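Take a look at the structure below.
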Protein chains: 2
Amino acid sequence: MTERKPRADAARNREAVLAAADALFARCESPAAVTMADIAAAAGVGKATLFRGFGDRTGLIHALYEARLAPVRRAAEEGPPPLGPSTPPSERVPALLDAVLCFKLDHRHLALALEGTGGDSPYAAGHYTLWHGTLRDALDRVPGLADSDFTAHALLAATRADLVEHLVGHEGRTREEIRASLAAFTARVLHVPAPPH
Amino acid sequence: MTERKPRADAARNREAVLAAADALFARCESPAAVTMADIAAAAGVGKATLFRGFGDRTGLIHALYEARLAPVRRAAEEGPPPLGPSTPPSERVPALLDAVLCFKLDHRHLALALEGTGGDSPYAAGHYTLWHGTLRDALDRVPGLADSDFTAHALLAATRADLVEHLVGHEGRTREEIRASLAAFTARVLHVPAPPH
DNA sequence: GTACGATGCGGACCGCCGGTCCGTTTCATG
DNA sequence: CATGAAACGGACCGGCGGTCCGCATCGTAC
């Protein structure tokens with residue numbers, strides 16, 4: 001058995017830390033304004049508990065992001081259409097992108113914290129590789145579309161957290177406007193005429 | 001006259017700092033590994049000179065980026081086709097994007113330092129607004145293309161520095177491969193059938 | 001219930017970095 | 001050459017990410 005049963009208080013603290021971090025990132029303007037000490041204080045634990053449980057700051061952010069992303073990820077991996085794998089590509093590609101976009105809209109503060117971690121690029125993170133791979137595979141099945149790898153990168157780039165933040169915060173776009181824009185852009189890339197709506 | 005003649009040594013130091021910073025960012029793996037003290041030492045000046053001349057770290061990076069970008073910017077603002085304003089849109093849009101991409105390929109270290117500055121989003125920077133505005137205006141003149149604002153954002157997002165870095169560093173793509181991929185993607189968005197090559 | 005080893009805890013502590021301060025040096029001008 | 005202004009530089013500061021170690025708590029075996 002490589003599995004070790006974690007102690008009860010450790011699990012409880014882990015959840016408290018994730019909840020406190022989520023709340024703090026949501027409340028504060030910039031992710032950089034949230035310090036490890038802040039999170040520890042808000043969770044009612046010592047600083048060392050953070051680092052023991054998550055390694056370092058980026059580890060904590062990754063864990064938090066991953067925890068919130070899990071439902072969407074599962075819906076895309078094994079859920080029903082239009083997100084699940086049984087969906088035809090021309091329908092699944094827009095659905096996947098819309099799901100990513102909605103997640104980033106709902107969790108802008110987390111996405112900003114993750115992508116703005118500085119040192120390590122967001123393209124090294126596991127979840128990016130997953131989205132990119134899923135999208136690439138779907139694009140491979142779209143007739144007449146070459147270079148699915150770059151296309152997947154480019155489409156995902158249109159959902160970058162700081163771009164979304166800019167659209168919402170500085171250009172004053174609403175959630176539905178942005179979703180419509182991305183859908184139209186995606187349709188254009190897929191060579192499907194946009195629905196008149 | 002609002003212009004004040006700067007002292008000779010100040011101008012000299014300014015250039016030395018820019019050159020030293022450029023070299024350091026190019027040499028080091030991560031932009032975060034280059035400290036202000038490093039730059040000051042490499043330029044042979046005191047730390048205070050950096051902050052007096054550029055305000056803070058992001059100011060220095062902005063100034064350096066802007067200095068290196070100036071030629072491309074001028075070519076786009078008042079140069080001859082295919083970059084200049086007299087070019088027809090269907091030709092100018094790919095040319096603008098290719099110019100941005102090439103600049104980021106040539107100055108990856110600077111682009112990474114700029115976009116990875118953390119706190120402030122790259123979308124607030126003046127040069128982004130400029131590229132976006134130019135591209136949007138060109139897209140406005142492409143028949144049948146609505147939502148030029150978002151389209152400009154999305155196309156520019158495909159040239160993000162960390163994406164370029166990922167393609168070159170982790171996927172092993174060559175410069176020409178990436179340029180071809182972006183050109184094909186752009187053509188697809190413009191509904192122009194890609195050239196048979 | 002109790003004794004005991006292992007696991008986890010917490011906050012004082014460290015090194016480093018961005019940014020500031022102020023006594024000193026260098027430039028420009030008449 | 002004298003003098004005021006402008007720029008210099010490195011010691012200094014506050015704060016942050018990350019570590020360390022003595023102490024508390026948990027789970028277990030009897």
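Values in this document were obtained by computation on a predicted structure and should not be read as measured data.
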ask   = For the rings on A/Phe185 and B/His153, is their centre-to-centre separation under 6.0 Å?
value = no
note = Checking C/dG19, D/dC20, D/dG17 against the side chain of A/Ala48 (C-beta onward), the nearest is D/dC20
inquiry  = Go nucleotide by nucleotide along DNA chain C from the 5' end; which of B/Ala8 and B/Phe51 gets its closest nucleotide reached first?
reply    = B/Phe51
inquiry  = Are B/Phe25 and B/Tyr65 an aromatic pair, judged by ring center distance below 6.0 Å?
reply    = no
request  = Rounded off to whole Å, could you give me the CG-to-P distance for the A/Asp56 and D/dC16 pair?
outcome  = 17 Å
task = Would you mind telling me which of C/dT26, D/dC20, C/dC13 lies closest to the side-chain atoms of A/Lys47?
result = C/dC13
inquiry  = Under 4.0 Å, counting only non-hydrogen atoms across every strand here, what does B/Ala10 touch: a base, just sugar-phosphate, or nothing?
reply    = sugar-phosphate
task = May I ask you to verify whether the side chain of B/Arg7 and the base of D/dA6 hold a donor-acceptor pair under 3.5 Å?
result = yes
query = How long is the line joining CD1 of A/Ile39 and P of C/dG10, in whole Å?
reply = 15 Å
message = Measure CG/A/Leu60 against C1'/D/dC16 and give the value in whole Å, please.
response = 15 Å
query = Checking salt bridge (Lys or Arg N to Asp or Glu O under 4.0 Å) for the pair B/Arg173/A/Asp149: CA distance, chi angles, key distance, verdict?
reply = CA-CA 11 Å; B/Arg173 306 284 193 87; A/Asp149 190 273; 2.7 Å; yes
task = Mind calculating the distance between CE (B/Met36) and P (D/dG10) to the nearest angstrom?
result = 17 Å
request  = For this output row, return yes or no: ring centroids of A/Phe103 and A/His127 closer than 6.0 angstrom.
outcome  = no
task = Count the heavy atoms of every other residue, nucleotide or ligand shown that sit under 6.0 Å from CZ of B/Arg175, and state whether that count exceeds 12.
result = yes
key: Among C/dG11, D/dG9, C/dC27, the nucleotide that comes nearest once only the side chain of B/Asp9 is considered   = C/dC27
query = Any side-chain N or O of A/Asn13 under 4.0 Å from OP1/OP2 of C/dC9?
reply = yes
task = Measure the distance from CZ on A/Arg12 to P on C/dG10 and round it to the nearest whole Å.
result = 10 Å
remark   = Picking from D/dG18, C/dG8, C/dG18, the nucleotide nearest the side-chain atoms of A/Arg52 would be C/dG8
ask   = Is the phosphate of C/dC17, meaning OP1 or OP2, less than 4.0 Å from a side-chain N or O of B/Thr35?
value = no
